[in-house]
Amino acid sequence: MASTAERKERQEGDISSVFSSLSGEAAVELPARFGELKRHIIGDESNQRALIDSWSRLTKRLGQAAEEIDRKKQDCIPQIAFDKLTSPSSSSSSIKAIKATGAFVLKDVIDRRVAEGWLTEVEEYIKANPEVKGFPKDDKQVFELYWSKVQLEARSHPRALEVQKSLLNLFNPSGSGEDGDVSTKVPLSYADRLRIRHPGDAKFALGPHADGGSVERWEDPTYRKVYERVLRGRWEEYDPWQIVDRVRAEQNMYDGPGSCGVFRAFQGWTSLSSTAPDEGTLRVYPLLRELAAYTMLRPLFREVSPRSTLTHSEYLASSNWELDFESTAFPGSPLARCQEYNDITHPHLELERTMVSMPKVEPGDQAWWHCDMIHSVESVHKGTGPSAVLYIPAVPLTTQNIRYIKDQRTNFLSGRPGPDFPGGVGESQFKGRGMDGDITNKEGRQAMGLEPFELLPGLSEGEQTLRRTANEILGF
Ligand SMILES: [Fe+2]
């Protein structure tokens, strides 16, 4: 096994370094090359015509969608039973709903009493180690904890791994890439934080954002290829479930503090509490294709007349928008941060009424959202109990991801945070942290890079090669 992590360690800190809105940064003008990039994407006259038509169809659709979402609220979010997702005969209507929405609640993944026990146990771990870092500093709720025994158990729980495999399986692994770029059969364990939000809290209010970088979506040619249909004026044909270009894309060109060293197909959390809308839960914009199309087209257009001179509907009308050949503006896309959204930068989304809170979850339920998803956290927790979640994503096997897992393993063994997270000694001196021996099942150990992947007969040649490469990277 490797003994030293090759990545540069990040500065000590907490989650506020990740979001420009949490850290209070002002918007910064992008360099001139972003104007050139924009003109390059807008392309020739025929592409320009296609983009203008496409923008008109999309903004009309977003107007209808806003009405629909505002009316249906939580009913926009599918609530799926564990078996409906994981059994081979999984109902196609559930899968269709997940694919159109891009976010959903999965019920009863972990036994309720087990999940409640996890919350008690993790609270004891925090009590035993009062020096733990967190946000906000004076009333910690998002903890710099990665290696509690509870987190190790939740990440390697057989039902959790089964869910992650089923989610990866929703993606199309072929597409334009080579067989062997990605395995949707093998989930990896990405060690993220946990949050225990207190009733009344209004500080951990993450505004609407999308993970996976900001300007990288346009600037990196492979990342841009994911959205090629959109950028050719055919957003209705864009398939959010093609995975190959996504896994090869560069999501972190500026080494941002919030960047993610792995490709996460889905972000998710496992709830340890009973949490309803208005109790500090997650919000999403529940139309996956539409939100990605708008994200990608938005910087190519600019307003003709400012908002102050028009009615709301006149301002949003496609006739009030034109292609932008001049500016370097990529609204809500600061370098080295995640993509952020608000009513000024992305007015057609009408976020005030379209960001929908997750339906009520119980201990042991999970919430999941696709890697393109616009998501936020409710600004105020008006409930009476803790709103507690363990962040556990679905991460497929790729060579880039396994390199991260190798470095993460080094940090795990010494109790330091994974390479993506604020550095320092972390939990290395903490009482009762989880160790290698606490992960006992084979799949859970493989997901952490603690055991080699099997080269089973019947796997495709690409899958075999990828597993062999992964084993070599891990030193097996
Ligand atoms: Fe996020």
Side-chain angles (χ1 to χ4, degrees), residues 57-81 84-85 91-107 163 167 170-171 205-212 227 230 235-236 238-241 264-269 271 275-298 316 332 338-343 345-361 365-379 387 389 391 393-394:
R57 296 193 306 276
L58 178 63
T59 51
K60 197 167 157 213
R61 167 69 185 132
L62 293 176
Q64 294 161 348
E67 292 294 328
E68 208 177 295
I69 296 166
D70 196 14
R71 199 175 59 246
K72 290 168 70 183
K73 299 282 186 205
Q74 274 73 50
D75 290 344
C76 294
I77 312 287
Q79 298 189 60
I80 313 275
K84 284 260 157 75
L85 178 74
S91 138
S92 66
S93 68
S94 300
I95 302 298
K96 261 192 201 149
I98 294 174
K99 287 196 163 182
T101 313
F104 67 103
V105 166
L106 190 64
K107 304 298 290 178
V163 167
L167 288 175
L170 296 177
F171 285 85
L206 293 184
H209 69 278
D211 303 328
Y227 307 100
V230 175
W235 68 267
E236 296 89 339
Y238 158 67
D239 180 3
W241 302 94
R264 288 179 291 196
F266 268 90
Q267 176 61 296
W269 46 246
S271 185
T275 303
D278 282 334
E279 296 182 357
T281 194
L282 178 80
R283 283 188 170 164
V284 295
Y285 181 95
L287 283 171
L288 185 59
R289 177 177 286 120
E290 286 85 343
L291 75 84
Y294 184 68
T295 299
M296 295 309 290
L297 291 182
R298 174 64 190 89
L316 295 183
C338 60
Q339 175 68 38
E340 298 195 334
Y341 301 78
N342 62 45
D343 200 39
T345 59
H346 294 83
H348 295 87
L349 294 175
E350 302 189 52
L351 295 168
E352 291 295 319
R353 60 174 178 154
T354 55
M355 290 301 286
V356 178
S357 299
M358 284 299 186
K360 187 175 186 189
V361 291
D365 293 348
Q366 294 178 330
W368 288 101
W369 60 103
H370 181 282
C371 47
D372 276 347
M373 181 52 68
I374 302 173
H375 55 289
S376 65
V377 179
E378 286 179 343
S379 53
S387 166
V389 304
Y391 293 102

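Excluded from the calculations below are hydrogen atoms, water molecules and symmetry mates; all remaining heavy atoms, backbone and side chain alike, are included.
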Any chance you could measure [X], atom [atom1], to [Y], atom [atom2], to the nearest 0.5 Å?
| X | Y | atom1 | atom2 | result |
| --- | --- | --- | --- | --- |
| Ile77 | Lys72 | CD1 | NZ | 10.0 Å |
| Ile69 | Leu349 | CD1 | CG | 9.0 Å |
| Glu340 | Ile374 | CD | CD1 | 12.0 Å |
| Ser387 | Leu282 | OG | CG | 10.0 Å |
| Leu167 | Leu106 | CG | CG | 7.5 Å |
| Ser94 | Gln79 | OG | CD | 11.5 Å |

For residues [X] and [Y], report the shortest heavy-atom separation together with the two atoms involved.
| X | Y | result |
| --- | --- | --- |
| Pro359 | Pro277 | C-CD, 4.2 Å |
| Ala276 | Thr281 | O-CG2, 4.0 Å |
| Gly280 | Val377 | O-CG1, 3.8 Å |
| Ala103 | Trp369 | CB-CB, 4.0 Å |
| Met358 | Ala367 | CE-CB, 4.4 Å |
| Met373 | Leu291 | SD-CD2, 3.8 Å |

Could you list the residues that satisfy ring-ring contact (aromatic ring centres under 6.0 Å, His included) with Tyr341, not counting sequence neighbours? His346
With a 4.5 Å cut-off on side-chain heavy atoms, are [Y] and [X] touching?
| X | Y | result |
| --- | --- | --- |
| Lys99 | Leu170 | yes |
| Tyr285 | Thr295 | no |
| Trp235 | Arg57 | yes |
| Leu288 | Asp372 | yes |
| Trp269 | Ser271 | yes |
| Glu350 | Leu62 | no |
| Leu85 | Ile98 | yes |
| Arg283 | Ser376 | yes |

Is a side-chain N or O of [X] found less than 3.5 angstrom from the main chain of [Y], in a donor-acceptor match?
| X | Y | value |
| --- | --- | --- |
| His375 | His209 | yes |
| Arg289 | Tyr238 | yes |
| Gln267 | Cys371 | no |

Glu352, CD atom: more than 12 neighbouring heavy atoms under 6.0 Å: no
For a side chain to side chain contact (heavy atoms under 4.5 Å, CB included) check, start with the C-alpha distance between Thr101 and His370, then their side-chain angles and the critical distance, and finish with the verdict. CA-CA 9 Å; Thr101 313; His370 181 282; over 6 Å; no
Any chance the side chains of Ser357 and Glu378 put a donor and an acceptor closer than 3.5 Å? yes
Per salt bridge (Lys or Arg N to Asp or Glu O under 4.0 Å), Arg61 is matched among Glu236, Glu290, Glu67 by Glu290
Could you go step by step and tell me if Leu287 and Tyr294 meet the side chain to side chain contact (heavy atoms under 4.5 Å, CB included) rule? CA-CA 11 Å; Leu287 283 171; Tyr294 184 68; over 6 Å; no
Please state whether the rings of Trp241 and Phe171 are parallel, tilted or perpendicular, taking 30° and 60° as the class boundaries. tilted
Show, in sequence, the C-alpha distance, side-chain angles and deciding distance for Thr275 and Val361, and conclude whether the side chain to side chain contact (heavy atoms under 4.5 Å, CB included) test is met. CA-CA 5 Å; Thr275 303; Val361 291; 4.0 Å; yes
